[in-house]
Amino acid sequence: MTPAEPDPHLRLATDFVRVPLAGARTLAGTEQLLFTDEVDAALGDLVLALLQDGELLAALRAERRRLLLRECRSRGAPSAFDRVPELAGMTAGATAALIDRVYGRQSGAPTLTTLQQVIALQIDLASSLPEGVDNGGPLHNLGLSLHARFALTGQHADLALTVAVAEQAVDLAPPGHPARANRLVSMGKVYLDCHETFNDAEALDDAEAAFDEAQKLMARPGP
């Protein structure tokens, strides 16, 4: 029996993921017809297959590349790859889309396995944004997931990591930043867990200070 020919669209989609970004830029910029709707759909199927196999970071890379190629094709030029703010937005969008898919595969509260997958994606995002792009939002989301994991595991190491990430997210939202109040509330909750876990009076003081500042910020009238 003659083996079936592999789907050429899937093969090309796989090539788009494997080649370096410069290669994908060349393919999309000089051979725009290669990235057809069929290849786009095949690349989406590849992302789903990688998710089902538990290859979270590979799925993330594939989804990012898919969005980049779409943007490049829509503009009709490879210059889309050089627009750092838009690239950062597409990177965050790809991660958020995959996180939604991971959460969508279960019902009820997140399991430890789900949180581990989400945390892996969030760490990848927070560490891969271009220099100069504010990664406070991704860090805050990572802190929320780490805090949720601590609630499941009770591991002191998880709580210590949560504190470090929450504090960094607040540091990246100085006074006047619109997200500061929300991040202060999250940090205050983490400090409360530190107080309850270690009977740490200083942590309780830190929690009260964070909540107090957040409350004052929320009470301010808008512009």
Side-chain angles (χ1 to χ4, degrees), residues 17 21 47-48 50-51 54-71 80-106 109-153 155 157-191 193-194 206 210 213-214 217-218:
V17 175
L21 184 58
V47 171
L48 289 175
L50 289 168
L51 278 176
E55 299 288 339
L56 271 295
L57 297 184
L60 178 57
R61 286 192 294 271
E63 183 71 5
R64 286 178 184 170
R65 185 61 54 82
R66 182 188 188 197
L67 293 178
L68 284 168
L69 289 167
R70 277 185 180 178
E71 181 71 7
F81 286 90
D82 301 320
R83 301 177 69 86
V84 171
E86 293 183 14
L87 174 59
M90 286 187 283
T91 296
T95 303
L98 288 190
I99 289 173
D100 286 344
R101 291 184 187 181
V102 171
Y103 278 135
R105 289 161 58 188
Q106 68 162 56
T111 64
L112 182 58
T113 298
T114 296
L115 283 172
Q116 299 282 50
Q117 293 175 335
V118 169
I119 288 169
L121 292 171
Q122 290 173 328
I123 289 174
D124 181 82
L125 172 62
S127 61
S128 63
L129 288 177
E131 186 177 353
V133 174
D134 180 12
N135 67 345
L139 280 174
H140 179 240
N141 291 333
L142 171 61
L144 294 176
S145 297
L146 291 170
H147 200 189
R149 186 172 72 177
F150 166 72
L152 290 177
T153 67
Q155 295 292 319
D158 282 342
L159 183 55
L161 185 56
T162 304
V163 170
V165 172
E167 289 179 340
Q168 189 175 357
V170 170
D171 288 343
L172 290 171
H177 193 289
R180 183 170 177 83
N182 189 37
R183 295 181 195 177
L184 282 166
V185 170
S186 297
M187 187 172 71
K189 293 177 180 178
V190 175
Y191 284 150
D193 272 347
C194 288
D206 290 339
E213 182 182 350
L217 289 172
M218 292 176 182

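- For Asn182, the side-chain contact (heavy atoms from CB on, under 4.5 Å) partners are His140, not counting sequence neighbours.
- Residues Ala173 and Ala179 come closest through the heavy atom pair CB-C, 4.4 Å.
- Looking only at side-chain heavy atoms (C-beta outward), Leu172 and His177 stay at 4.5 Å or farther from each other.
- In this structure, the side chains of Leu146 and Asp158 stay at 4.5 Å or more apart for every pair of heavy atoms.
- Taking every heavy atom of both residues into account, Asn141 and Gln122 meet most closely at O-NE2, 3.5 Å.
- Interatomic distance, CG of Leu217 versus CZ of Arg180, reported as 7.0 Å (0.5 Å rounding).
- The shortest non-hydrogen separation linking Leu112 to Leu152 is N-CD1, 3.8 Å.
- Pairing each heavy atom of Thr162 with each of Gly143, the nearest pair is CG2-O, 3.7 Å.
- Each of Glu167, Gln168, Arg183 was scored for a side-chain contact (heavy atoms from CB on, under 4.5 Å) with Leu139, with one residue passing: Gln168.
- Across every non-hydrogen atom of Gly136 and Ala169, the tightest pair is O-CB, 4.0 Å.
- The minimum heavy-atom distance linking Ser145 with Leu115 is given by the pair O-CD2, 4.1 Å.
- Counting only heavy atoms from C-beta outward, the side chains of Pro110 and Val118 never approach each other to under 4.5 Å.
- Using a 4.5 Å heavy-atom cutoff, the side chains of Leu184 and Met187 are in contact.
- Side-chain contact of Gln155 with Arg149: a donor-acceptor pair under 3.5 Å is absent, judged by distance alone.
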